[in-house]
2 protein chains.
Amino acid sequence: MTQTDTKTRLLDAAESLFSQQGFANTSLRAITTAAKANLAAANYHFGSKEALLRAVLERRLLPLNQQRSDRIDQVLTEAATTGAIPGTEALVRAFIEPTFAFRRNSTGSSEFISIVGRAMTSADPVVRDLFLALVHPLINKLHLALCLALPHLPSKLIFTRIFFTMGAMGHCICFSGFAQMFKDNSDSNSEDDDFMTNNLISFVTAGLEAPC
Amino acid sequence: MTQTDTKTRLLDAAESLFSQQGFANTSLRAITTAAKANLAAANYHFGSKEALLRAVLERRLLPLNQQRSDRIDQVLTEAATTGAIPGTEALVRAFIEPTFAFRRNSTGSSEFISIVGRAMTSADPVVRDLFLALVHPLINKLHLALCLALPHLPSKLIFTRIFFTMGAMGHCICFSGFAQMFKDNSDSNSEDDDFMTNNLISFVTAGLEAPC
DNA sequence: AATCATTTAAAACGATCGTTTTAAATCTGT
DNA sequence: ACAGATTTAAAACGATCGTTTTAAATGATT
């Protein structure tokens, strides 16, 4: 094993290039060159380009979803012990905050997240289905939790609003090009990131709690 | 001129295939075959694949944006004559309703809209920049109008929330795959479409009006 | 009838793609 | 030191891509 695993370098390079150019527009040659690895190494370790994408997604999304799932459980058990119903905003925070905290962890995480933000509505069924399969159980859990938090709203309406939530979130997560439309694109520090995150949470909470 | 213009048939075929497979995954050969036209006809009429995409976007997006712009103006002048401030929900409706009404007009419109829904966050700069340039003026107009409607909120916050609005909307517009996650995918009639539209409007209005 | 724009046909261009193969080299664990 | 897994090198595979070219055919206009 050299300084870093070739497998890891391939995952890092693929993650970075997929996020910058998309899956279809990124060649295995570009990935292996960026990873300072041989072209054959990609197929040796992963078998195919699609399997490489799956590995890229699973490496970070499985732990992240576990974290979000745990935080939803935490809100639910706290509510259960108090005898109260879970709070909408607490559930929204459980769903959103780990994503943005995770995003700040490293450059790789940040790039990864923009793959995810796009994967949801990707026209490419390979990308979309891979993502949906990974996220499906978590969405179901959030849906059930929000049905407890908003017992006066029909289940289908809540699901639709979760749908909007994921749209706003995904959009927020890969907003290259949109920042240019706003004048003061001077500083995009973590300060702006917190601004964005908190606004997203209040926006989405208000939307979820809107009267029927 | 035959039954329908070759140029029009090329636009229709490109629109349909771009929406189903994405820009990068759709070849000019697939487009010209679907349009029952010659491969050379695509470059003859449009010059390049990118120019064909631009033509596909402009054909429908320019009239649609004009319609949305007119309706925003309408809300603003009505408010001005009354002396009142414009309503948030009226502005949201002006922005959203034409899109969904337009979507119901024809199969082509529906397919077109899902190109737009994805273009916003596309990893491909060709697709993204084309779309952003076409939408930029309308977003600025909506932003100014909402600043009048919500004078107690800072301008930057409102812009961020418009950002979330476009995310929820774009997501809502090309939700292939997401419907599968909800059990009763039996009927996706225009009834469901109205349900979706009205929920989106109330969700987004509540989010925009949320306290600061 | 003549001119010009349109459309078709067929082929080729250079380029890039995912994948596979063959061989040698290097590393790792026992 | 040996065996097995890893990595490199280089080349080739069939396929697809956007674009261009050449030629002939068809259309519409004057």
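Lettering follows sequence order; numbering is per chain, from 1.
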If you check the B:Arg9 side chain, which of D:dT8, C:dT20, C:dT8 turns out closest?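 So the side chain of B:Arg9 is nearest to C:dT8.
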Please work out whether the ring planes of A:Phe163 and B:His171 are parallel, tilted or perpendicular, with thresholds of 30° and 60°.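 A:Phe163 and B:His171: tilted rings.
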Taking [atom1] from [X] and [atom2] from [N], how many angstroms apart are they, rounded to a whole number?
X: B:Asn25; N: C:dG18; atom1: CG; atom2: P; value: 11 Å
X: A:Asn43; N: D:dA9; atom1: CG; atom2: P; value: 17 Å
X: A:Leu10; N: C:dG18; atom1: CG; atom2: C1'; value: 15 Å
X: B:Gln21; N: D:dC17; atom1: CD; atom2: C1'; value: 14 Å
X: A:Leu39; N: C:dT21; atom1: CG; atom2: P; value: 14 Å
X: A:Phe46; N: C:dT19; atom1: CZ; atom2: P; value: 13 Å
X: B:Asp5; N: D:dA28; atom1: CG; atom2: C1'; value: 13 Å
X: A:Phe23; N: C:dC17; atom1: CZ; atom2: C1'; value: 12 Å

Classify [X] by what it touches in the nucleic acid, base, sugar-phosphate, or nothing, heavy-atom distance under 4.0 Å.
X: A:Thr32; result: nothing
X: B:Ala42; result: nothing
X: A:Lys36; result: sugar-phosphate
X: B:Ala40; result: base

Taking for each residue the nucleotide of DNA chain C with the nearest heavy atom, is it A:Arg29 or B:Lys7 whose nucleotide lies nearer the 5' end?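 The residue whose closest nucleotide sits nearer the 5' end is B:Lys7.
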Nearest-nucleotide comparison on DNA chain C, the residue closer to the 5′ end among A:Gly47 and A:Ser27: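 Here A:Ser27 is the residue nearer the 5' end.
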Just N and O in the side chain of [X]: are any of them under 4.0 Å from OP1 or OP2 of [N]?
X: A:Thr6; N: D:dT7; answer: yes
X: A:Asn38; N: D:dT7; answer: no
X: B:His45; N: C:dT7; answer: yes
X: A:Tyr44; N: D:dT6; answer: yes

Distance-only, no hydrogens or angles: does the A:Ser122 side chain make a donor-acceptor pair with backbone N or O of A:Val127 under 3.5 Å?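 Judged by distance alone, no pair lies under 3.5 Å.
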Could you tell me whether a side-chain N or O of B:Lys141 sits under 3.5 Å from a main-chain N or O of B:Arg68, the two making a donor and an acceptor?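 Not at all, since once roles are kept as given, no pair shorter than 3.5 Å links the two residues.
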Does the side chain of A:Thr205 come under 3.5 Å of the side chain of A:Glu209 through a donor N or O and an acceptor N or O?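 A:Glu209 and A:Thr205 do not have a side-chain donor-acceptor pair below 3.5 Å.
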B:Gln74 vs B:Asp70, side chain to side chain donor-acceptor pair (under 3.5 Å): CA-CA, chis, key distance, verdict: CA-CA 6 Å; B:Gln74 192 179 325; B:Asp70 289 346; over 6 Å; no
Go nucleotide by nucleotide along DNA chain D from the 5' end; which of B:Lys49 and A:Ala41 gets its closest nucleotide reached first?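 Between the two, 5'-proximity favours A:Ala41.
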